[in-house]
Amino acid sequence: MTPPSRLPPAFRELAAELREAFARWDREPRPWPEARFADLALRSFELQWHTVAPYRAYCEARGASPDTVADWPDIPPVPTAAFRHVDLAVAPRAGGDLRFRTSGTTRGDGERGTHRVVDPELYRASLEATFARLVLGRPARECGPNGPLVLSLIPPFARGSDSSLAWMSDDVAAHLGRPGSRSVAPRGEPDAAEARSSILACAEGRIPVCILGTTLAVDAWTRALEAKADALELPPGSVLMDTGGAKGRPGLQREEVLARVSATLGLGAEAIVNEFGMTELLSQRYGRGSADAGASPPLVAPPWLRTRALDPVTLEPMPEGEAGILCHTDLANAGSAVSVLTEDLGRVRDGVLEWIGRAPGAPPRGCSLATAELLRAGEG
Amino acid sequence: MRAEGGPPASRDPWHLPGLPAAAPLRHFTGTSPGGRGFRVPALDRETARLVADEVRRSALRARRERSTERVIAAVSRAALRLADPGQPDGAAAARELSEEMGWPGSLTAETLAGMRASWTAEALAGVVRRELGGPEPLDGWTTGGVLAAPRRRRASGPPLLLVVHAGNVPGVAVTAAVRGLLVRSGVLCRAPRSEPALLARFARALSEEDSLLGHCLATTWWPEDETEPWDSWVKRSRKVVVYGGSRAVDGVRARLPAHVDLVAYGPRIGIAAILADASLPAAARALARDVCAYDQQGCVSPRLVYAVGRDGDAVGEALAEALERKTSERPPPEPDADTAVSVRSARAEAEFASLGGRPVRLLASGELPTWTVVVGGDPLITEGLPRFVRVHQVEGVRELERTLEPLEGRIQSVGYAGSTGLDDLADMAARLGACRVAPVGTLAWPPPDWLHDGRPQLLPLLAWTERE
């Protein structure tokens, strides 16, 4: 698919360069020189400053412009709240755009943000290279017909979904999985019988399987297997990717899920890969194995995604390895917001992220509360 | 190891008459900005019972052996020792408050001055006089007093009163204990985790002033999910007073047997109205004083400001200027990470709502989360964050009342500046169940006899007996 001409020439040029760089890393996964990352990030910033009026106004209020921002860490990050209020895309709306919506769970008020993706090919190039290398452990070109059978517990994007995870899962199945790869939740809930028969067929042919699912879906599926004493032995080379953690079920421990996956699917901790993704970011991080209680396993990223832990008060960088609020600079976001400030806490050591969790919100202070709580109490 | 007495220490914020000397101490971390750790004894069912029995026995004995006047004198002397920085207890209390709350010395001094005014013998006797007509109904049978009747009556607090503090407004715990002692109850307290030291210091001072009265008060802290001393103390108390948020109040309510009354001081909100004829710079300065005093920890401080019949932007700008000046004089303590993230998030919501074309305006202290004013947006939403004020424009008091109706019964104070429509504003406040209407600049410092949550201070604790 050729990017449509409504895209600004600077973006088209940048996106082509990025796609090529992503593909090169897929072929030869080497770290990027600092200068290359900085150059691409600053060009993304300049493009966004010129084309996204609300972002330019945000930058101007902070005295930041392409003339004053000298290095990529100085790019004013866009708070995730911005996605709820403004369109951050670098080009006017068009039919080929993807519109991903956030889950609305962050603030608990159901208000959802939108990330409009003007160049799905750039997203695809980033996610496929990253998934192939960091989850499947081989270049993307060696996947496809020769790849695993991808079975996704996530409902397909075509079902009217606006979830970036659904789009990504569909894409992984379509481009990195062998024929027959698909979502086994076409009607919303995973079809355990269909998953089971596909896995048994693969086991017979010793074809590796790649399972994709939210942590909650994986937990529910493996609990059901456990209840029926129906353990499945996944063929060698199989892998399971879970994402989302305990979101929606506080208290769910990753160690429990790992143990259940291991007992019911025969996968060791190294074959269970945790994904860290956000609707606001088009690149992902992945981590294998176990983790400290409540935190993620160490999450690695492709060289075009860098994460910094910042002091929540000053936004100055925290010392290496110390917890702070996370700020991601993601070159796959060249078409929207290259730098994103989250409400997540985590630690970064040698570029590897340990995600601690969402900042829980300000603790109650005295008897003076947010009116939302007062109004809720009034309803009760 | 120390069961009673011993040197006062902020790291041992407990006072438990009747506790066996062998009770082991446990360490906890504090939750205030200073976050100092502390040690309190582990109470099991038996030790909790011993403490409750000792406090109850002492309270019943004090009813026989101490007049209310004498109680007032001793309680006042003990409380004033804390509130006077010239005395050793007061100096220690001032140091602890500054450390624990992260306060500047000027705010500590201001707070202690407020406590001094509230805890004089005259102030305490005044509360008894205004609510009961005098101490007589507490000391014996009388036909006089506020409930004057042909038959003789007397009033008593419960032999054991449990007071639970889940808030973090300094000094409230001592005031609540004082009220319990004035109605001649034995008082068992769960101190606020954020500031447990002041109440324990008061209890020790009271012991030194009057050893029997010192045995009428116990205070400590324990984790919410532990069964003791909850079970033992709730079972033995006839009334429970709780200060805190909805979760804390609901949590205590759920523990109570049917025969135990609950007096709950739950969450409320403070608002302010800048009336059309108010001088804006002066009103803004006064508002900034209210906002910065305790960083809006108390529900008396204004969070929502309404420009009544005047330009909301102008009110917001004047308030922003006043907050900037006040913050340079009195910077807030550094926020914890969660609060800083929440302030940033709320600011980003407002800023990008504005950039997205909504009628919202963000005025803030640069990137540092010290003070924030948001003009416009949802006229009822607040965040419960420090030095964070929302300003809205309304045409008049009638529109203001319509706006505030969802908060009926949940408004603590209505501040005002100006006089145009003030009577209408006060009537509106009464209809909405607000507890206090007062000029801006005084909101953070209610008078000693104010109607907290719209209630008298002593009457809710009392039961009356009538003799025919």
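In what follows, chains are A, B, ... by sequence order, proteins preceding strands, each numbered from 1.
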Handout entry: Rounded distance (nearest 0.5 Å) linking atom CD of Glu343(A) with atom OG of Ser342(B)
Key = 7.5 Å
Problem - chain B contact via Ile325(A) - side chain, backbone, both or neither, heavy atoms under 4.5 Å - result: side chain
Exercise for the section: Measure across Leu355(B) and Val86(A) and return the closest heavy-atom pair with its distance rounded to 0.1 Å. Expected result: C-CG1, 3.9 Å
Practice task
For Val313(A) and Arg344(B), work out which heavy atoms get closest and say how close.
Solution key: O-NH2, 2.5 Å
Problem - CD-OG1 distance between Glu349(B) and Thr80(A), expressed to the nearest 0.5 angstrom - result: 8.0 Å
Problem - Carboxylate-amine/guanidinium contact Glu351(B) Arg62(A), below 4.0 Å - result: yes
Exercise for the section: With a 4.5 Å cut-off on heavy-atom pairs, point out which of Gly357(B), Pro335(B), Ala353(B), Ala248(B) contacts chain A the most. Expected result: Ala353(B)
Handout entry: Residue part contacting chain A, namely of Arg347(B), when any heavy atom lies under 4.5 Å
Key = neither
Practice task
Please look at Glu367(B) and chain A and tell me whether the side chain, the backbone, both or neither of the residue comes under 4.5 angstrom of a heavy atom of that chain.
Solution key: both
Exercise for the section: Take Tyr58(A) and Phe352(B) through the test ring-ring contact (aromatic ring centres under 6.0 Å, His included) and record every step on the way to the result. Expected result: CA-CA 8 Å; Tyr58(A) 182 75; Phe352(B) 278 94; 4.8 Å; yes
Exercise for the section: State, yes or no, whether a side-chain contact exists between Val341(B) and Asp344(A) at a heavy-atom distance under 4.5 Å. Expected result: no
Problem - Least distance between heavy atoms, Ala340(B) atom then Pro312(A) atom - result: CB-O, 3.5 Å
